[in-house]
Peer 1: 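I have a structure I would like to understand better, so I am pasting it below and will then ask my questions one at a time.
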Amino acid sequence: MEELINELKEEVKAVVEEEIGELAIKEEQTEIIRELRDLPPAHYIFKIENFSYLSNAKVESYESSDFEVGGYKWRLSLYPKGNKKVDDKNEHVSLYLVLAESNAFPLHKEVNVYFKLFVYNQIQDKYLVVQDAKGKARRFRGAKTEWGFDKLVSLNAFNDASNGYLVDDCCIFGAEIFVIECTTKGECVSIVKELANSYAYTWKIQKFSDWNQVGYTSQVFIIGGYKWSLTLYPNGYSEEKGKCLSMFLHLEDSKPFYSGQKLFTEFILRVRDQLFGVHREQKAKNKFCTSANNWGFTKLIPLSDLNDASKGFILDDTVIVEAEITLMTVIKEFS
């Protein structure tokens with residue numbers, strides 16, 4: 001008996017897959033995809049018992065209750081004998097997704113949606129999924145509140161119990177809806193023309209051994225049309241105090257912040273090796289804005305290396321540090 005049931009399932013599977021394949025070929029130009037899957041619809045299931053009473057009644061269509069997905073209310077509209085407006089021969093079951101009237105949707109507003117409609121195969125325990133091909137989105141709006149499939153499944157295939165769609169006068173439909181929220185957020189990036197080539201500022205610090213304060217700030221310099229400065233901590237900053245030399249690049253110019261802009265910068269902070277040219281440097285990227293107008297490194301160079309005379313970072317009690325900006329873009333967000 002079990003072998004017979006398995007053989008029947010295999011025969012049904014072959015028939016269903018053949019039918020899906022034929023429909024896919026016929027509907028290739030209309031860009032509709034049909035496939036089977038195990039997972040049920042994520043958002044709504046529409047089960048109809050005593051389906052024959054609905055089909056035999058003089059009712060062209062039947063609608064589900066409203067259900068909410070993505071902040072909007074929807075319903076399914078089923079045409080048991082097909083939508084006569086598009087299928088005069090009544091050869092298919094038609095199913096549509098409808099934007100419910102309870103949304104009070106104005107004519108000028110629209111919601112863009114990817115959606116899939118389902119028919120449950122009760123013998124195979126799989127769902128026939130019907131959807132627009134190529135990720136096509138549909139626009140629901142006041143003037144067009146309904147989208148779906150005129151030829152969801154043929155009536156012959158649907159009414160044949162051996163295909164699994166209508167079993168014991170019961171059938172199950174479903175829907176998945178993915179709303180595309182049009183936030184229209186983005187950004188405009190403008191490359192700073194003055195940085196066709198990278199620019200560097202060199203800070204030559206003489207009598208370095210006399211620098212006993214916690215931190216020092218360089219003179220203001222201009223790169224890319226913006227004002228900058230360097231802040232140097234000879235004995236280290238924060239948790240690196242007593243361990244490393246720390247240095248930060250600071251944007252002095254508040255000009256880009258007046259209209260909510262940010263200044264994205266790629267830069268290098270460097271301690272020059274005055275003997276062998278083996279400089280100690282680190283690269284960074286930062287979006288300078290009101291809440292973050294400085295960036296740098298607490299561990300630019302260990303003090304043990306800095307104070308090692310054989311390594312050339314201090315020569316004649318002079319230290320040379322640099323800031324080199326390699327890329328600068330002005331970013332303006334919009335919404």
Side-chain angles (χ1 to χ4, degrees), residues 5 7-41 43-64 74-98 113-136 138 146-177:
I5 293 174
E7 289 180 4
L8 178 60
K9 286 185 176 181
E10 289 300 320
E11 290 179 5
V12 170
K13 180 180 179 181
V15 171
V16 171
E17 289 180 347
E18 181 180 358
E19 179 189 352
I20 292 173
E22 291 176 354
L23 283 169
I25 293 172
K26 292 178 181 178
E27 295 180 335
E28 183 176 358
Q29 294 183 348
T30 60
E31 299 183 330
I32 295 175
I33 292 178
R34 296 168 181 269
E35 59 185 4
L36 289 173
R37 84 175 198 192
D38 297 324
L39 292 176
H43 297 127
Y44 195 70
I45 289 179
F46 185 27
K47 183 177 181 179
I48 302 176
E49 298 176 341
N50 300 319
F51 181 81
S52 59
Y53 289 94
L54 176 64
S55 181
N56 294 331
K58 294 181 179 179
V59 177
E60 184 178 0
S61 65
Y62 183 81
E63 293 187 342
S64 72
W74 311 87
R75 58 177 181 264
L76 291 178
S77 180
L78 174 70
Y79 290 74
K81 294 183 178 180
N83 187 347
K84 295 180 181 179
K85 297 177 182 177
V86 295
D87 187 7
D88 294 334
K89 297 180 181 179
N90 295 341
E91 295 178 344
H92 295 83
V93 175
S94 303
L95 185 64
Y96 304 91
L97 177 66
V98 182
V113 171
Y114 296 116
F115 69 91
K116 302 176 182 179
L117 299 183
F118 296 75
V119 189
Y120 182 48
N121 186 316
Q122 301 173 61
I123 294 177
Q124 286 189 269
D125 189 26
K126 292 181 180 290
Y127 290 85
L128 172 64
V129 186
V130 185
Q131 61 183 312
D132 291 304
K134 300 179 181 179
K136 186 173 183 178
R138 295 295 186 178
E146 179 179 290
W147 287 100
F149 305 103
D150 308 322
K151 299 179 180 180
L152 185 77
V153 61
S154 72
L155 282 172
N156 289 336
F158 183 81
N159 291 322
D160 187 341
S162 66
N163 288 328
Y165 299 125
L166 185 62
V167 177
D168 294 332
D169 208 18
C170 173
C171 56
I172 300 173
F173 302 93
E176 281 184 355
I177 305 166

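Position 1 is the first residue of the sequence, and the numbers go up from there.
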Peer 1: Which atom names give the shortest non-hydrogen contact between W147 and R138, and what distance separates them?
Peer 2: CZ3-NH1, 3.1 Å

Peer 1: Mind checking the CD-CZ spacing from E63 to F46? Nearest 0.5 Å is all I need.
Peer 2: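 Rounded to the nearest 0.5 Å, the CD-CZ separation comes to 9.0 Å.
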
Peer 1: What do you reckon, are the aromatic ring centroids of Y96 and Y79 less than 6.0 Å apart?
Peer 2: yes

Peer 1: Are L76 and L97 packed together at the side-chain level, in the sense that at least one heavy-atom pair is separated by less than 4.5 angstrom?
Peer 2: yes

Peer 1: Might you work through the side chain to side chain contact (heavy atoms under 4.5 Å, CB included) test for E35 and Q131, ending with a clear yes or no?
Peer 2: CA-CA 9 Å; E35 59 185 4; Q131 61 183 312; 3.4 Å; yes

Peer 1: When rounded to the nearest 0.5 angstrom, what distance separates CG in N121 from CD1 in I172?
Peer 2: 10.5 Å

Peer 1: If the plane angle is over 60° it's perpendicular, under 30° parallel, otherwise tilted; pick one for F149 and F115.
Peer 2: tilted

Peer 1: Would you say that L128 contacts L36 through its side chain, given a criterion of any heavy-atom pair below 4.5 Å between the two side chains?
Peer 2: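 Answer yes - side chains close enough.
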
Peer 1: Could you state the interatomic distance from CZ (F158) to CG (L152), rounded to the nearest 0.5 Å?
Peer 2: 8.5 Å

Peer 1: Which heavy-atom pair separates Q122 from C170 by the least distance, and what is that distance?
Peer 2: NE2-O, 2.8 Å

Peer 1: If I compare all heavy atoms of P80 with all of S61, which pair ends up nearest, and what's the gap?
Peer 2: CD-CA, 4.4 Å

Peer 1: Without hydrogens or angle criteria, can the side chains of N156 and S154 be said to hold a donor-acceptor pair below 3.5 Å?
Peer 2: no

Peer 1: CD1/I45 to OG/S64 distance, rounded to the nearest 0.5 angstrom?
Peer 2: 12.5 Å

Peer 1: Out of Y120, Y165, F51, which one pairs with C171 under the side chain to side chain contact (heavy atoms under 4.5 Å, CB included) rule?
Peer 2: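 Going through Y120, Y165, F51 one by one, the side chain to side chain contact (heavy atoms under 4.5 Å, CB included) with C171 is satisfied by F51 alone.
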
Peer 1: If you count the non-hydrogen atoms of other residues, nucleotides and ligands that lie under 6.0 Å from CG in D168, is the total more than 12?
Peer 2: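 Incorrect, the count does not exceed 12.
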
Peer 1: Is any NZ, NE, NH1 or NH2 atom of the basic residue among K134 and E31 found under 4.0 Å from an Asp or Glu carboxylate oxygen of the other?
Peer 2: yes

Peer 1: In Å and rounded to the nearest 0.5 Å, what is the OG to NZ distance from S94 to K84?
Peer 2: 11.5 Å

Peer 1: Determine, stepwise, if the pair Y44 / I177 fulfils side chain to side chain contact (heavy atoms under 4.5 Å, CB included).
Peer 2: CA-CA 9 Å; Y44 195 70; I177 305 166; over 6 Å; no

Peer 1: As an exercise, state the distance from CG of D150 to CD of E91, rounded to the nearest 0.5 Å.
Peer 2: 13.0 Å

Peer 1: Regarding E176 and R37, does a basic nitrogen lie under 4.0 Å from an acidic carboxylate oxygen?
Peer 2: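 So E176 pairs with R37 through a salt bridge.
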
Peer 1: Please name the pair of heavy atoms, one in A161 and one in V167, separated by the smallest distance, quoted to 0.1 Å.
Peer 2: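 Here A161 and V167 meet closest at O-CG2, 4.1 Å.
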
Peer 1: Check V59, V93, N83 against L78 for a side chain to side chain contact (heavy atoms under 4.5 Å, CB included) and give me the one that passes.
Peer 2: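 Answer to the side chain to side chain contact (heavy atoms under 4.5 Å, CB included) test with L78 among V59, V93, N83: V93.
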
Peer 1: Quick one, K116 and P41 - any side-chain contact, counting heavy atoms below 4.5 Å?
Peer 2: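 No, side chains not in contact.
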
